[in-house]
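Each remark here refers to the structure printed beneath this line.
In each ligand, atom 1 is the first atom listed, and ligand 1 is the first ligand listed.
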Amino acid sequence: MKQVLVTGGMGFIGSHTVVSLMEAGFRPVIFDNLCNSSESVLEGIARITGVKPLFIRGDVTSAADLKALFTSHNIDAVIHFAALKAVGESSEKPLEYYRNNIGGLICLLEAMQEHGVRDVVFSSSATVYGSAAHMPVDEDTPLPAAMSPYGSTKQMGERILFDTGSFRSVCLRYFNPIGAHPSGHIGELPLGVPNNLVPYVTQAAAGLRKALTIFGDDYHTPDGTAVRDYLHVMDLAEAHVAALNRLQQVQDRPHWEVFNLGTGNPVSVKTLVETFERVNGVPVPKVMGARRQGDVPELWANPGRAKQVLGWTAKHSLEEMLRDAWNWQQKLAQ
Ligand code: NAD
Ligand code: UD1
């Protein structure tokens, strides 16, 4: 049974991945500074799996924290989620983003190197594609200049792993993860006003926000609203198990691969909101607004490589994603 370090494992995607890892027989060690999460996540995981995972509070930008961690635990592989992720904020505080996301990655890789740990799965993002000309995008699509410091940290993160020949790495480009564990014991915990669509939809439906603003209905898309590739966070969690298994299989070193993780199904904002209302039987108060700066009209994945190489496909429907998101929102209110 492999012991896997999960940086950022208390966060949205990390916590769901910890559940999948435990169910697949891995032993996760969560390492998180709780800058965007809460310790209560551990109870949620324990309610699902029956076991409270090991949690160490620490910072990936701290060489001392990492040294203490690697010295006291036998780590076989790393999944690196820990990062700051608010696109708008990254333009206001670029140095904070570079320090945390790039400084943190370098610090982590140095600690791994020092302790002979070679296998790493890196959280990248579909944001690396910017405003691509042809849909769906595959991994060979050339990457344009990043549209934000956040996007730049993901492009650089991939590049650092590519250049650092002594690791075996898999970079996962997530499209739009949404939903929650079907039990409702863990989910997304946005602090303050949500930036992302689905947490805003659930909070508006719950009466916590006056109305959802749909950012633009004048795009050249079928219904005028922007189109994305939403995937269930539990499907995304499973992809990390597949990525670890892949790293166990590959013999060559250095090794670097990148995979799109999405469903391949384009979904508009309007369709998503209508589906939410239909599946959950609740209205979402909404108003039409202007386009949000920096948004691309459409972005969806060709997930073929992940299917072919990792044997992974997203299984959950949009209905399931939105049902689980609402279930989580309702449990939060209890
Ligand atoms: P999240 O904010 O919920 O989780 C990130 C976790 O990392 C948090 O628990 C936070 O406390 C921790 N963290 C941040 N900086 C840290 C540091 N210096 N040291 C230790 N812990 C630190 O975010 P998420 O949605 O779960 O995203 C996880 C990863 O996936 C991030 O790298 C993000 O950029 C990437 N990603 C997310 C999305 C998305 O839609 N959520 C899309 C594409 C990529
Ligand atoms: C955003 C980030 C992306 C990041 C991802 C996950 C930008 C430009 N991109 O993706 O880098 O990886 O979040 O953190 O910020 N929408 C509304 N009303 C809202 C919120 C969103 O209409 O209140 C629309 C947006 O215009 C977009 C769609 O919903 O068309 C999805 O938005 P969001 O959930 O923020 O994800 P992305 O913008 O795709």
Are M135 and Y129 connected in the hydrophobic side-chain network, where two residues link if heavy atoms are under 4.5 Å apart?
-> yes
Checking heavy atoms under 4.0 Å, the part of V269 that sits near ligand 2 is side chain
So which heavy atom on V296 is nearest to which on G130, and how close?
-> CG1-O, 3.5 Å
Consider only side-chain N and O atoms of D59 and N33, and report whether a donor and an acceptor are under 3.5 Å apart.
-> yes
Can you check whether G187's main-chain N or O pairs, donor with acceptor, with K331's side chain at less than 3.5 Å?
-> no
Location of contacts on L212 toward ligand 2, heavy atoms closer than 4.0 Å | side chain
N/O separation below 3.5 Å, S125 to ligand 2 = yes
Just by distance, do the side chain of H185 and the backbone of H181 share a donor-acceptor pair under 3.5 Å?
-> no
Do we see a donor-acceptor contact under 3.5 Å between the side chains of S20 and E238?
-> yes
Interfacing atoms of ligand 2 (cut-off 4.0 Å, heavy-atom, N176) | 36 (O), 37 (P), 39 (O)
Taking all atoms of both residues into account, what is the closest heavy-atom pair of P190 and P199, and its distance?
-> CG-CB, 3.8 Å
What are the atom names and distances for all N or O pairs under 3.5 Å between ligand 1 and the protein?
from, atom 1, to, atom 2, distance (Å)
ligand 1, 2 (O), N36, ND2, 2.7
ligand 1, 3 (O), F12, N, 2.9
ligand 1, 9 (O), G11, N, 3.3
ligand 1, 9 (O), D32, OD1, 3.3
ligand 1, 9 (O), D32, OD2, 2.6
ligand 1, 9 (O), S37, OG, 2.7
ligand 1, 11 (O), D32, OD1, 2.7
ligand 1, 11 (O), C35, N, 3.0
ligand 1, 11 (O), N36, N, 3.0
ligand 1, 11 (O), S37, OG, 3.3
ligand 1, 15 (N), N100, ND2, 3.1
ligand 1, 18 (N), D59, OD1, 2.9
ligand 1, 18 (N), N100, OD1, 2.8
ligand 1, 19 (N), V60, N, 3.0
ligand 1, 21 (N), N33, N, 3.1
ligand 1, 21 (N), N33, OD1, 3.2
ligand 1, 25 (O), K85, NZ, 2.8
ligand 1, 26 (O), F12, N, 3.2
ligand 1, 26 (O), I13, N, 2.8
ligand 1, 32 (O), F81, O, 2.8
ligand 1, 32 (O), K154, NZ, 2.9
ligand 1, 34 (O), Y150, OH, 2.7
ligand 1, 34 (O), K154, NZ, 3.1

Can Y230 be said to touch ligand 2, with heavy atoms closer than 4.0 Å?
-> yes
Taking heavy atoms and a distance under 4.0 Å, where does Y150 meet ligand 2: side chain, backbone, both or neither?
-> side chain
Would you kindly check if the NZ (Lys) or CZ (Arg) of R228 is within the cone defined by 45 degrees around the ring axis of F175 and under 6.0 Å from the six-membered ring centre?
-> no
Considering distance alone, does some N or O of L197 sit under 3.5 Å from an N or O of ligand 2?
-> yes
Expected output: side-chain D76 to main-chain Q3 donor-acceptor under 3.5 Å = yes
Residue portion contacting ligand 2 (non-hydrogen atoms closer than 4.0 Å) for V87 | side chain
Interfacing atoms of ligand 2 (cut-off 4.0 Å, heavy-atom, N195) = 20 (C), 35 (O)
Of all residues at least two apart in sequence or in a different chain, which pass the ring-ring contact (aromatic ring centres under 6.0 Å, His included) check with F70?
-> H115
